[in-house]
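Report on the following structure.
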Amino acid sequence: MRQSSLVVVANRLPVDDTVAPDGACEWRRSPGGLVSALHPILHHTPATWVGWAGGTGPAPSLPDVDGVRMHTVALTAEDVREHYEGFANATLWPLYHDAVEQPVYHRRWWESYQRVNQRFAEAAAEIAEPGAVVWVQDYHLQLVPGMLRELRPDLLIGFFLHVPFPPPELFMQLPRRAELLLGMLGADLVGFQRAQAAHNFAQLCAKVLNVPATDRRIAVEDRVVRIGAFPVSIDMAEMEQLARSPEVVARARQFRADLGEPQHMILSVDRMDYTKGIEHRLKAYSELLADGHVKVRDSVMVQVVVPSRERVEQYQVLRDRVEHKVGRINGEFGRVGEPAIHYLNQPFDRAGLAALYRAADIMVVTPLRDGMNLVAKEYVAARVDNTGALVLSEFAGAAAELTQAYLVNPHDLDGLKLTLMHAKEASPGDVTARMGAMREYLRAHDIQAWARSYLTALDHTGSLAARLTAD
């Protein structure tokens with residue numbers, strides 16, 4: 001079996017199963033995401049991506065993507081139900097997002113989580129060449145670094161958590177807290193989105209495992225594990241190029257026309273998730289309508305909600321609640337042919353999203369808790385004319401970087417209403433100054449800079465860093 005000097009291990013492969021015009025199935029690179037971040041180095045070294053292809057049953061054999069080998073890990077229907085939908089997304093996800101919804105604990109979910117993590121670790125161990133770099137991604141695979149170190153102590157192992165890491169008082173609820181911490185400590189470098197998350201992790205390791213720990217280093221037996229913050233980003237150049245394309249410009253104009261050429265177009269784009277603050281946002285907007293501060297004929301709100309984890313009961317209940325709220329608001333404040341809120345429960349392709357970003361005067365990104373929220377950064381990247389107002393939750397990781405946004409506490413409905421009005425009534429000069437500063441920041445801190453920063457910190461020899469800058 002062909003081995004690789006760089007192995008990326010993630011829950012999903014960076015490919016989508018699409019249907020060609022002749023009806024045949026095709027596997028294509030999925031847009032954006034981690035593969036774009038790693039592309040500058042993936043094509044300079046033998047690289048493999050280990051992940052799940054999305055279906056159940058035997059693992060399909062997939063072609064290389066941009067020269068990167070795809071190595072599929074098989075999941076059964078039981079694995080999907082108990083590992084992915086269960087422990088990962090009904091236990092860890094809510095706990096890591098401030099327990100906005102109550103986490104659910106089942107012992108059989110933990111057993112499945114262990115089993116699937118072992119499968120991923122074995123796959124990585126099998127294909128990594130001696131001394132290879134293995135980069136493990138996110139909360140689905142927190143046990144993999146420790147398992148992989150047991151199998152292959154010769155490897156250089158990195159782990160990055162894309163979601164928030166909770167404070168000790170929340171994490172301590174987990175029945176298997178020590179095992180999860182030890183799993184992450186199998187890595188040589190554990191990366192987080194924000195410095196506070198690294199601090200939380202260090203505190204927990206000291207408290208639960210009784211090991212010496214600072215916000216930068218944790219001693220584990222005869223090893224030192226380094227930790228730090230590496231805020232993830234987007235492909236700024238790709239989004240700018242897309243936003244300038246004639247197709248996207250035309251679609252943006254058509255969106256405005258279809259909405260009746262409103263004076264203000266307010267946009268939100270979220271996954272259907274209880275962490276995104278969708279209900280808080282809808283309530284604040286309905287109160288602005290009721291107070292007369294926003295009028296349907298002058299302003300229109302477009303709420304795009306991308307379906308997510310539809311088999312998980314909490315998400316089904318949330319969708320019903322959101323759709324009920326939208327219906328009530330439109331029934332009370334809408335007019336014939338003029339709904340107060342245009343609600344779209346569907347995915348958009350990259351060009352469609354870029355067109356929405358270009359069309360919107362105000363982008364409202366108000367999660368109750370988010371590791372980063374790349375939608376906020378995508379909106380900034382798409383505003384190639386330096387216009388557009390970004391209303392951003394203080395509890396999104398992006399708020400620490402996009403400090404010129406109109407920042408808000410989404411739990412404070414009065415504050416959210418005031419901030420929306422501030423953004424709506426801001427002078428063109430204020431809007432342009434804020435957007436220009438955020439765009440300048442993102443150019444210097446794009447997704448390639450994120451990958452370079454993390455992998456340079458992980459690499460002790462300097463060889464990986466050298467490949468990052470190779471032509």
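On a predicted model such as this, the values are computed, not experimentally measured, just so you know.
Aromatic ring orientation, Y315 versus Y274: tilted (interplanar angle from 30° to 60°). Below 30°, between 30° and 60°, or above 60°: for F165 and F171 the angle between ring planes is between 30° and 60°, a tilted geometry. Relative ring orientation between H83 and H140 is described as tilted, the plane-to-plane angle lying within the 30° to 60° band. Between F201 and F192, the angle of the ring planes lies from 30° to 60°, which puts this pair in the tilted group. Using a 30° and 60° split on the angle between ring planes, Y113 and F87 fall in the tilted class, from 30° to 60°.
A donor-acceptor contact under 3.5 angstrom links the side chains of D370 and N373, judged on distance only. Between the side chains of H162 and D138, no donor-acceptor pair is found at a separation under 3.5 Å. Of the N and O atoms on the side chains of Y84 and D79, not one donor lies less than 3.5 Å from an acceptor on the other residue. Using a 3.5 Å distance cut-off with no hydrogens or angles, the side chains of D270 and Q303 do pair a donor with an acceptor.
Counting heavy atoms from C-beta on, the side chains of V73 and V9 never come closer than 4.5 Å. Within the 4.5 Å cutoff, no side-chain heavy atoms of Q193 are placed close to those of L161.
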Intermediate values then yes/no, ring-ring contact (aromatic ring centres under 6.0 Å, His included), W450 and F230: CA-CA 7 Å; W450 168 73; F230 305 86; 8.5 Å; no

Side chain to side chain donor-acceptor pair (under 3.5 Å) between H264 and D361, worked out: CA-CA 6 Å; H264 299 285; D361 307 291; 4.8 Å; no

Trace of the ring-ring contact (aromatic ring centres under 6.0 Å, His included) decision for F159 with W135: CA-CA 6 Å; F159 178 79; W135 194 4; over 10 Å; no

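The pair R69-D64 does not meet the salt-bridge criterion, since no charged nitrogen lies less than 4.0 angstrom from a carboxylate oxygen. For R439 and D385, the salt-bridge test fails: no basic side-chain N is under 4.0 Å from an acidic carboxylate O. With respect to the salt-bridge test (charged N to carboxylate O, under 4.0 angstrom), the residues R350 and E378 qualify. For R443 and E240, the salt-bridge test passes: some basic side-chain N is under 4.0 Å from an acidic carboxylate O.
Here ring-ring contact (aromatic ring centres under 6.0 Å, His included) pairs that include residues 391-432, with residues two or more places apart or in two chains, are H280-H411, F395-H411, Y406-H422. Legend: ring-ring contact (aromatic ring centres under 6.0 Å, His included) pairs involving residues 326-347, not counting sequence neighbours: none detected.
Listed by chain and residue number, nothing satisfies the salt bridge (Lys or Arg N to Asp or Glu O under 4.0 Å) test with R383 (two or more places apart in sequence, or in another chain).
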